[in-house]
Q: 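What follows is a single structure, and I will ask about it in a moment.
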Amino acid sequence: MSEKNKELAYIFSRIGDALELKGESSFRIIAYRKAARILEDLTEDIEVLAEKGKLREIPGVGEGIAKKIEEYLKTGKMKKYEEALSGIPEGLLELLEIQNLGARTIHLAYKELGVKDLQDLKRVIEDGSLAKLFGMGEKKVENIKKGIEIYEQAHERIPIYEALTIVEDVIEYLKNAPGISQISPAGSLRRMKETVGDIDILATGKNGREIIEFFTRYPNVDRVLASGKTKGSIMVKTEKGKKQVDLRIVEENSYGAALQYFTGSKAHNIRLRSMAKDKGLKISEYGVFRGEEKIAGTTEEDIYKILNLPWIPPEIREDRGEIESALKNQLPDLVNYHDIKGDLHVHSNYSDGHSTIEEIVEHAKLLGYEYIAICDHSQSVKYAHGLTEDRLKRQIEEIEKLNEKITGIKILKGIEVDILPDGKLDFSNELLKQLDYVVASIHIGFKKNVTERMLSALENPYVHTLAHPTGRLISKREGYDVNLDKVFEAALKNNKFLELNAYYDRLDLNEINLRKAKEMGIKITIGTDAHHIGGMRMMRFGVGIARRGWLEKKDVLNCLPYSELKKVLA
DNA sequence: GCCGTTTTCGGCCCGACTGTTTTCAGTCG
């Protein structure tokens with residue numbers, strides 16, 4: 001939320017890395033990384049918490065970390081950070097991201113061979129000096145070399161959209177593998193994170209080796225990284241480069257335990273295993289054990305049940321309070337894809353979309369929607385062929401005619417009206433008044449008084465929703481310079497909705513902000529911002545992120561049936 | 001470094017694989 005939260009999260013994470021390189025106690029390292037993760041997730045402003053003396057109330061923040069936070073907030077510096085990084089060259093920490101290469105080896109290479117960055121590392125591999133170090137050898141070096149290769153071509157995270165496309169194709173292919181029975185995506189993909197590191201698939205079947213071999217013959221395979229009887233790993237060619245896909249085969253009676261384990265998150269799993277331990281049990285990817293005796297493992301539900309927990313949906317398994325809620329039997333009843341009754345943000349070929357209104361409507365019917373809102377750009381957004389007043393009026397007429405003609409679905413006359421650099425809206429109130437649904441957003445002047453402009457838009461009686469409130473693009477840009485706290489307050493006060501833009505590169509608001517909005521009592525709309533009918537399928541990512549933000553059906557405007565939506569918008 | 005109705009000290013999730021080792025360390029997920 002606040003800049004300071006992010007800065008501190010970054011600092012603690014770097015301290016963790018630095019201490020790892022220096023061979024510090026692993027528990028201390030874990031403590032720093034945990035603090036980093038929690039700060040990253042925190043919606044409250046750390047400065048505010050510090051002022052109120054509430055730092056120690058944050059789980060994972062004890063005396064030591066609290067003091068360091070205070071020191072940083074007061075002085076802008078942290079002695080521990082400088083200490084931890086001292087004597088560690090700039091390029092060394094980055095090497096921790098390379099597969100098959102860990103802190104011990106990096107440290108060794110640094111001490112013995114003066115390796116300071118990736119370039120040095122490649123050099124000592126080529127000249128053979130790394131292999132000669134104590135405990136090293138040809139094969140280890142060969143694996144590190146492979147790790148570097150993967151790091152260089154595929155280490156960036158994969159957008160959920162791309163990952164899902166790949167995994168669905170691979171799973172479709174795997175259904176024909178000999179003797180395969182159950183198949184599921186696992187990992188952060190199953191948790192619907194906005195980006196994923198790698199693609200994990202879990203399956204059961206009679207002959208693991210045969211299934212893995214079948215897997216390695218997947219048509220788009222670029223290279224086989226590993227192929228055994230329980231695990232296979234391939235690089236798949238995609239439009240955007242090569243991506244790694246892992247397949248694991250487990251026994252039928254371990255499927256639940258393995259699925260739970262490989263879905264993660266790591267933090268969530270550690271909590272579960274701790275709880276199990278307190279009960280004298282042990283959880284592994286093979287099952288739950290009391291001593292030697294296996295007492296669960298076939299289904300995920302069984303694993304949770306043994307800990308007296310209801311099954312927890314994958315999207316919220318992040319150790320962000322879901323276990324506490326589950327213990328109290330107060331898990332949210334998360335919104336589902338089939339709860340969505342319409343798409344409230346679609347562009348037509350009137351502005352920069354590629355589909356006609358009729359095509360969009362037909363497609364919306366196919367998706368089972370009750371309504372659809374056409375929200376094209378307004379006149380000032382020239383690059384998107386924004387509608388002039390005249391063209392908007394023509395569109396209104398077309399929609400009115402279509403509404404008389406078609407059955408089974410309602411078309412809402414909408415607009416995505418720009419909030420101009422001076423804070424005014426791009427159309428007059430007289431015109432906006434004629435529309436069913438008004439979305440306001442910023443496309444011009446990202447750095448110019450964004451907060452004030454949004455606040456004034458939220459004061460306008462004809463605006464319903466603020467679209468993509470932070471303006472971030474996941475793979476491209478940071479987002480507006482905006483004070484979201486103020487925007488949220490204004491939305492609440494004026495009874496406005498905030499958008500979860502489901503376009504895979506936006507996913508804006510993100511899960512953390514969604515949860516905050518929900519807790520404040522602000523309702524959310526999920527819109528795809530589709531520019532062609534194919535883009536309307538982005539709704540599933542929107543719902544995935546909504547679930548990660550703990551949203552329930554009642555928190556989402558477009559879960560309302562048309563009759564009720566109409567009343568709310570009026 | 002954090003944490004605690006079993007502990008204010010002594011724990012902190014678990015197992016597999018690999019490669020380098022004569023019994024284990026490093027790395028991964």
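Computed from heavy atoms alone, side chains included, the values below leave out hydrogens, waters and symmetry copies. Chain letters run A, B, ... following the sequence lines, proteins first, then strands; residues in each count from 1.
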Q: Using a strict threshold of under 4.0 Å (side-chain N to carboxylate O), is an ion pair present between Glu71(A) and Lys80(A)?
A: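 So Lys80(A) does not pair with Glu71(A) through a salt bridge.
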Q: Quickly work out the Leu133(A) CG to dT21(B) C1' distance and round it to whole Å.
A: 16 Å
Q: So what does Ile30(A) touch, heavy atoms closer than 4.0 Å: a base, only the sugar-phosphate, or nothing?
A: nothing
Q: Would you give a per-nucleotide map of nucleotides 22-29 of chain B, 5' to 3', where B means the base has a protein non-hydrogen atom under 4.0 Å away, S means only the sugar-phosphate does, and - means neither?
A: ----SSSB
Q: Would Glu194(A) and Arg506(A) pass as an ion pair if we require N to O under 4.0 Å?
A: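 No, this pair does not count.
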Q: Any salt bridge between Arg191(A) and Glu511(A), counting N to O under 4.0 Å?
A: no
Q: Can you tell me how far C1' in dG4(B) sits from the matching atom in dT21(B), rounded to whole Å?
A: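 It works out to 40 Å between them.
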Q: Once you round it to whole Å, what is the distance between P of dC2(B) and NZ of Lys34(A)?
A: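 Answer to the nearest Å: 10 Å.
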Q: Quote, to the nearest angstrom, the C1' distance that separates dA16(B) from dG11(B).
A: 25 Å
Q: Which value, in whole Å, describes the distance between the C1' atoms of nucleotides dG19(B) and dC12(B)?
A: 28 Å
Q: Among residues 294-322 of chain A, which ones have heavy-atom contacts with DNA chain B below 4.0 Å?
A: none
Q: Go through dC13(B), dC2(B), dG19(B) for me and flag the one nearest to the Ser274(A) side chain.
A: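 Within the option list, the nearest is dC13(B).
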Q: Has Tyr161(A) got more than 12 heavy atoms of other residues, nucleotides or ligands less than 6.0 Å from its OH?
A: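 Count not over threshold, so no.
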Q: Send over the distance from Arg33(A) CZ to dC13(B) C1', rounded to a whole Å.
A: 16 Å
Q: Starting at the 5' end of DNA chain B, which residue's closest nucleotide do you reach first, Tyr286(A) or Met136(A)?
A: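 This one resolves to Tyr286(A).
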Q: Can a salt bridge be assigned to the pair Glu300(A) and Arg317(A) using a cut-off of 4.0 Å between side-chain N and carboxylate O?
A: yes
Q: Just checking Gln119(A): does its CD atom have more than 12 heavy atoms from other residues, nucleotides or ligands closer to it than 6.0 angstrom?
A: no
Q: Looking only at the side chain of Lys68(A) (C-beta and beyond, no hydrogens), which of the listed nucleotides dC17(B), dC14(B), dG1(B) gets closest?
A: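 Nearest to the side-chain atoms of Lys68(A), counting from C-beta on, is dG1(B).
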Q: Would you kindly give the CD-to-P distance between Glu20(A) and dG1(B), to the nearest whole Å?
A: 16 Å
Q: Can you tell me the distance, in whole Å, between the CG atom of Asn269(A) and the C1' atom of dC13(B)?
A: 9 Å
Q: Can you tell me how far P in dT20(B) sits from the matching atom in dG15(B), rounded to whole Å?
A: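 It comes out at 26 Å once rounded to the nearest Å.
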Q: Regarding Lys67(A), tell me which of base, sugar-phosphate or nothing describes its non-hydrogen contacts under 4.0 Å with the strands shown.
A: nothing
Q: For Tyr10(A), does the OH atom sit with more than 12 other heavy atoms under 6.0 Å from it, leaving out its own atoms?
A: no
Q: Checking Gln182(A) against Glu252(A) for the side chain to side chain donor-acceptor pair (under 3.5 Å) test, could you report, in this order, the C-alpha distance in whole Å, the side-chain angles of both residues, the deciding distance, and whether it holds?
A: CA-CA 8 Å; Gln182(A) 308 193 67; Glu252(A) 212 63 59; 2.6 Å; yes
Q: Using atom CD1 of Ile15(A) as one end and atom P of dC2(B) as the other, report the distance to the nearest whole Å.
A: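 Going from CD1 in Ile15(A) over to P in dC2(B) covers 11 Å.
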Q: Using whole Å, report how far CD1 of Ile29(A) lies from P of dC12(B).
A: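 It works out to 17 Å between those atoms.
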Q: Taking atom CZ of Arg104(A) as the centre, does the number of heavy atoms from other residues, nucleotides or ligands within less than 6.0 Å exceed 12?
A: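 Open.
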Q: Can a side chain N or O of Lys277(A) be found less than 4.0 Å away from OP1 or OP2 on dC14(B)?
A: yes
Q: Sort out the partner of dT8(B) for me: Watson-Crick or G-U wobble, both distances under 3.5 Å, none otherwise.
A: none
Q: Assign Phe27(A) to base, sugar-phosphate, or nothing according to its heavy-atom contacts below 4.0 angstrom with the strands shown.
A: base
Q: Is it true that Arg472(A) and Asp508(A) have a side-chain N and a carboxylate O under 4.0 angstrom from each other?
A: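 So Arg472(A) does not pair with Asp508(A) through a salt bridge.
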Q: Evaluate whether atom NZ of Lys145(A) has more than 12 neighbouring non-hydrogen atoms of other residues, nucleotides or ligands under 6.0 angstrom away.
A: no
Q: Leu281(A) has an atom CG; how far is it from atom P of dC14(B), in whole Å?
A: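 The answer, rounded to whole Å, is 11 Å.
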Q: Start at the 5' end of DNA chain B and walk down; is the nucleotide closest to Gly60(A) or to Ser284(A) reached first?
A: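 Nearest nucleotide further toward 5': that of Gly60(A).
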Q: Expressed in whole Å, how much space separates the P atoms belonging to dT6(B) and dG1(B)?
A: 28 Å
Q: Provide the distance between the two C1' atoms, one in dC13(B) and one in dC2(B), to the nearest whole Å.
A: 16 Å
